[in-house]
Each structure stands twice: as structure tokens, then as C-alpha cells.
Amino acid sequence: MKVTFYLNNTLVSYDVEPGEYLAQTLRKHGVKSIKVGCNESTCGSCTLLLDDKPVMSCSVLTASIEGKKVTTVEGIQQEAAKIASYFSKEGADQCGFCNVGYALVIYQLKKDYKNPTDEEIKNYIVGNLCRCSGLQSQMNAIKAYLKEGK
């Protein structure tokens, strides 16, 4: 079946299998920033933005996104680089496997909240796990990024 959607603001059309997940489709078509860690929607490594909402692409059927807007880290490169620099400064980027998912979630968090509380930040990023560093360094990096430009 053919599915047409916007990938980083470019209209694309892919032939997909009925049970194919978005993470599989994107990786098959060269979007290697989408990482697959668990295939169970528990780690957040496959996070992308679907119509400006963070979702785990390993649990979204590609057939369900007809006409929708998909944003991967390639679509927010400048902001992702800023976020990465804050993570680096705080030592929150050890292996880097989770960074792409975090970048997309944090980018959207900044768009959705003006001055989020620590609790709101934790609730927003809850689906993204890092097995290398503690939450404190990530929180420090996130809060520094959110303050940028204020």
C-alpha cells in the first residue's frame, strides 16, 4: 500500500506493508537518526514528532499517518545542535543513543510550555530513558536550553 505524508516538510510517498511500523519505514528509506532500542514503546529512542506531538515510532503503523506531518531530528538540526551542546556541557550525553529522542521531545517541550516546572519537564520527558547518566544532568541541560533566548 502507498502512504503519503510530510517528512521534515517534504511530501513523500512510500510503499509499505500493512503491518509496518513507522520506525521501520523511515530506517528503510534512509532516516538513520531513528533508533530502535526496545520495539515496545518503553525507551524513547525511536521518538519523533507526529503533527508536533512526540510519539514512539516503533508503535505507530505507517499506514495510519496518511497526510500527517513527521519531524525527525534532521528537520530540527539547528535546535538539535543547541540541545546537544547543553547536554555535553552537563555531561548528559555519554553514549548518545538516547540523544535524538531527547532532542525532539525537548524541542517540542519548549514550544508547548513557556516556563515549565521541574514536574512538568519530568512528565514531558518520561518516555525517554537514558541508561548512562542520571536524570539530574539531563534536567540541568534541559533547563539551561529552555532559558535560552529569554
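The figures here come from the full heavy-atom set of this structure, side chains too, leaving out hydrogens, waters and symmetry mates. These numbers were taken from a predicted model, which means no experiment stands behind them.
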Quiz prompt | Cationic N near anionic O, under 4.0 Å, K2 to D15 | solution = yes
Exercise. Ignoring hydrogens and angles, tell me if any N or O in the side chain of K32 forms a donor-acceptor pair with the backbone of R27 under 3.5 Å.
Key: yes
Practice problem: Please name all residues satisfying ring pair (Phe, Tyr, Trp, His ring centres under 6.0 Å) with Y6, sequence neighbours left out, ordered by chain then number. | Solution: none
Quiz item: Is the F5-Y14 ring centre distance short of 6.0 angstrom?
Solution: yes
Self-check item: Pair K82 + E79: basic N to acidic O under 4.0 Å
Solution: yes
Quiz item: Under the 3.5 angstrom rule, does the side chain of S57 hit a backbone N or O of C46 as a donor-acceptor pair?
Solution: yes
Quiz prompt | Q138 vs E90 side-chain heavy atoms within contact, under 4.5 Å | solution = no
Practice problem: Find out whether I76 and T71 are in side-chain contact, i.e. whether some heavy atom of one side chain is under 4.5 Å from a heavy atom of the other. | Solution: yes
Exercise. Answer whether the closest heavy-atom distance between the side chains of M1 and V16 falls below 4.5 Å.
Key: yes
Quiz item: Checking K110 side chain against Y145 main chain: does a donor-acceptor pair fall under 3.5 Å?
Solution: yes
Quiz item: Would L61 and V55 show up in the same hydrophobic cluster when neighbours are defined by side-chain heavy atoms closer than 4.5 Å?
Solution: no
Quiz item: Would a 4.5 Å heavy-atom cut-off, applied to side chains only, mark I65 and V70 as touching?
Solution: yes
Practice problem: Would you confirm whether N8, through its side chain, and T72, through its main-chain N or O, come within 3.5 Å as a donor-acceptor pair? | Solution: yes
Self-check item: Test item: V31 and L7 side chains (from C-beta on) under 4.5 Å apart, heavy atoms
Solution: yes
Self-check item: Check: V100 and I34 side chains under 4.5 Å, non-hydrogen atoms
Solution: no
Self-check item: ILVMFWY network linking I106 to I121, side-chain heavy atoms under 4.5 angstrom
Solution: yes
Quiz item: Do the side chain of D51 and the main chain of K69 share a donor and acceptor less than 3.5 angstrom apart?
Solution: yes
Practice problem: Apply side chain to side chain donor-acceptor pair (under 3.5 Å) to the pair T117 and E119, showing each step before the final yes or no. | Solution: CA-CA 5 Å; T117 64; E119 195 63 30; over 6 Å; no
Exercise. Any chance you could lay out the side chain to side chain donor-acceptor pair (under 3.5 Å) test for Y86 and E148, step after step, and finish with the verdict?
Key: CA-CA 10 Å; Y86 285 107; E148 180 185 79; 3.1 Å; yes
Quiz prompt | Enclosure of E17 CD (heavy-atom neighbours >12, cutoff 6.0 Å) | solution = no
Quiz item: Does the T62 side chain pair with the main chain of L22, one donor and one acceptor, at a distance under 3.5 Å?
Solution: yes
Quiz prompt | Close side-chain approach of V105 to L49, heavy-atom, < 4.5 Å | solution = no
Quiz prompt | Side chain proximity check, Y124 to P54, heavy atoms < 4.5 angstrom | solution = yes
Quiz prompt | Within one Ile-Leu-Val-Met-Phe-Trp-Tyr cluster: Y107 and I125, side-chain cutoff 4.5 Å | solution = yes
